[in-house]
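Here's the structure we're looking at; comments come further down.
Numbers here simply count residues along the sequence, with the first being 1.
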Amino acid sequence: DPNQTYRAPRNEAEQALAAIWQELLGVEQVGIDDNFFELGGDSIITIQVVSRARKQGYILQVSDLFSSQTIAQLAALITSQQTNDNKTQTEQGLLSGPVRLLPIQQWFLGQDQGGINHYNQDVLLQIDKSITGEELNTVLRFLVAHHDGLRMRYQQSENQWLQEYGSCQPSIQLYEIEAADEQSAAAAINNIGTSVQQSLDIT
């Protein structure tokens with residue numbers, strides 16, 4: 001925001017974070033109230049910020065930059081964690097509530113809505129058949145508990161898209177295919193994949 005008053009870093013943690021942001025974002029000056037994503041931050045840079053901060057002794061999670069998007073907020077979070085946990089890493093638990101859309105999300109959701117539900121990627125993997133569906137379900141539940149972004153829900157209200165942390169739990173769907181030959185099996189797998197993709201709904 002060009003009208004926002006610049007506030008310089010006030011302590012060592014804020015100075016360290018400002019230096020990291022300046023280098024990774026390629027900006028000359030970062031105030032403690034500047035928004036990470038409005039300065040050009042993205043998911044890849046978020047990981048780099050966390051990595052460099054940890055090398056300097058400041059423990060952060062990737063999700064922290066999504067919930068605390070300014071240096072002032074992040075530094076306060078670091079101080080709180082160090083005070084409460086004697087400078088050891090802690091697990092913050094499940095996040096909840098609304099989350100501001102990132103610029104790339106605003107751009108995507110503002111596009112032509114014709115194929116928005118089908119805008120996805122699929123990957124075909126082969127796994128050891130001794131792994132059961134329940135074991136896969138357990139793995140997915142752990143993933144969703146660890147990566148809060150996988151629980152995001154979206155809804156459109158008055159032509160405005162809203163994003164919030166949901167409470168959904170993933171589950172594996174199993175399909176048994178009986179085919180006369182490899183070509184028939186491949187066709188059956190392709191049909192299942194197409195059907196699953198077409199069933200997706202962003203809301």
Side-chain angles (χ1 to χ4, degrees), residues 37 41-55 58-69 77-78 80-81 84-102 104-105 108-109 115-156 161-203:
F37 295 102
D42 57 28
S43 297
I44 300 300
I45 298 177
T46 297
I47 296 172
Q48 294 173 314
V49 169
V50 170
S51 175
R52 295 194 185 190
R54 288 183 177 182
K55 288 179 180 178
Y58 300 107
I59 304 302
L60 287 173
Q61 307 292 333
V62 170
S63 57
D64 291 336
L65 273 85
F66 287 90
S67 60
S68 302
Q69 299 180 6
L77 182 64
I78 290 173
S80 174
Q81 289 179 343
N84 295 334
D85 303 287
N86 195 25
K87 299 186 179 182
T88 60
Q89 181 175 343
T90 60
E91 184 61 42
Q92 65 179 351
L94 292 179
L95 298 177
S96 61
V99 183
R100 190 164 71 174
L101 291 169
L102 301 179
I104 189 63
Q105 292 177 305
F108 173 71
L109 294 170
I116 195 168
N117 292 321
H118 198 64
Y119 195 91
N120 56 71
Q121 293 179 321
D122 67 298
V123 180
L124 181 62
L125 302 173
Q126 186 172 2
I127 66 170
D128 190 322
K129 297 301 187 291
S130 66
I131 299 175
T132 67
E134 184 52 41
E135 288 172 330
L136 285 175
N137 271 327
T138 300
V139 170
L140 282 179
R141 285 195 291 268
F142 273 109
L143 280 174
V144 170
H146 187 70
H147 297 286
D148 297 287
L150 296 176
R151 295 185 291 106
M152 289 298 188
R153 293 179 57 87
Y154 300 87
Q155 59 178 325
Q156 193 174 25
W161 281 94
L162 305 175
Q163 167 180 249
E164 66 177 349
Y165 292 110
S167 58
C168 62
Q169 291 293 326
S171 62
I172 292 289
Q173 281 186 282
L174 299 177
Y175 298 85
E176 290 190 17
I177 297 175
E178 295 183 5
D181 51 43
E182 187 174 334
Q183 185 175 1
S184 299
I189 291 172
N190 185 66
N191 289 336
I192 291 172
T194 299
S195 175
V196 170
Q197 280 190 295
Q198 291 176 345
S199 72
L200 296 176
D201 185 340
I202 196 169
T203 60

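By the 4.5 Å heavy-atom criterion applied to side chains, W161 and T203 are counted as neighbours. Contact of the I59 side chain with the V50 side chain is not registered, since no non-hydrogen atoms from C-beta on lie closer than 4.5 Å. Between L60 and R54, every side-chain heavy-atom pair lies at or beyond the 4.5 Å cut-off. In this structure, the side chains of S43 and F66 come closer than 4.5 Å at one or more pairs of heavy atoms. In this structure, I172 and L140 have side chains that are in contact, with non-hydrogen atoms separated by less than 4.5 Å. In this structure, I116 and L109 have side chains that are in contact, with non-hydrogen atoms separated by less than 4.5 Å. For the pair M152 and V99, the minimum side-chain heavy-atom distance is below 4.5 Å.
In terms of heavy atoms, L77 sits closest to S68 at CD2-OG, 4.2 Å. Closest non-hydrogen pair, E135 versus T132, comes out as OE1-N, 2.8 Å. Of all heavy-atom pairs spanning F37 and L65, the tightest one is CE1-O, 3.4 Å. When all heavy atoms are compared, the tightest approach of D42 to I44 is OD1-N, 3.1 Å. Of all heavy-atom pairs between R100 and Q163, the closest is O-NE2, 3.4 Å. L200 and N117 make their closest contact through O-CB, 3.3 Å (heavy atoms, listed as atom of the first residue, atom of the second, distance).
A donor-acceptor contact under 3.5 angstrom links the side chains of Q105 and Y154, judged on distance only.
Here K129 does not pair with E176 in a salt bridge; the nearest charged N to carboxylate O distance is not below 4.0 Å.
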Item to check | side-chain contact (heavy atoms from CB on, under 4.5 Å) between I192 and I177, worked out | outcome: CA-CA 10 Å; I192 291 172; I177 297 175; 3.9 Å; yes

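Side chain of S195 to backbone of N191: no donor-acceptor contact under 3.5 angstrom is found. With R153 contributing its side chain and E164 its backbone, the two residues share no donor-acceptor pair below 3.5 Å.
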Mind listing the side-chain donor-acceptor pairs of residues 180-188 below 3.5 Å, one per line with the distance, residues two or more places apart or on another chain?
residue	atom	partner	partner atom	Å
D181	OD1	Q183	N	3.3
D181	OD1	S184	N	2.7
D181	OD1	S184	OG	2.8

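A distance of 13.0 Å separates CZ in R52 from CD1 in I47, rounded to the nearest 0.5 Å.
Atom CZ of F142 sits in a sparse spot, with 12 or fewer heavy atoms from other residues, nucleotides or ligands closer than 6.0 Å.
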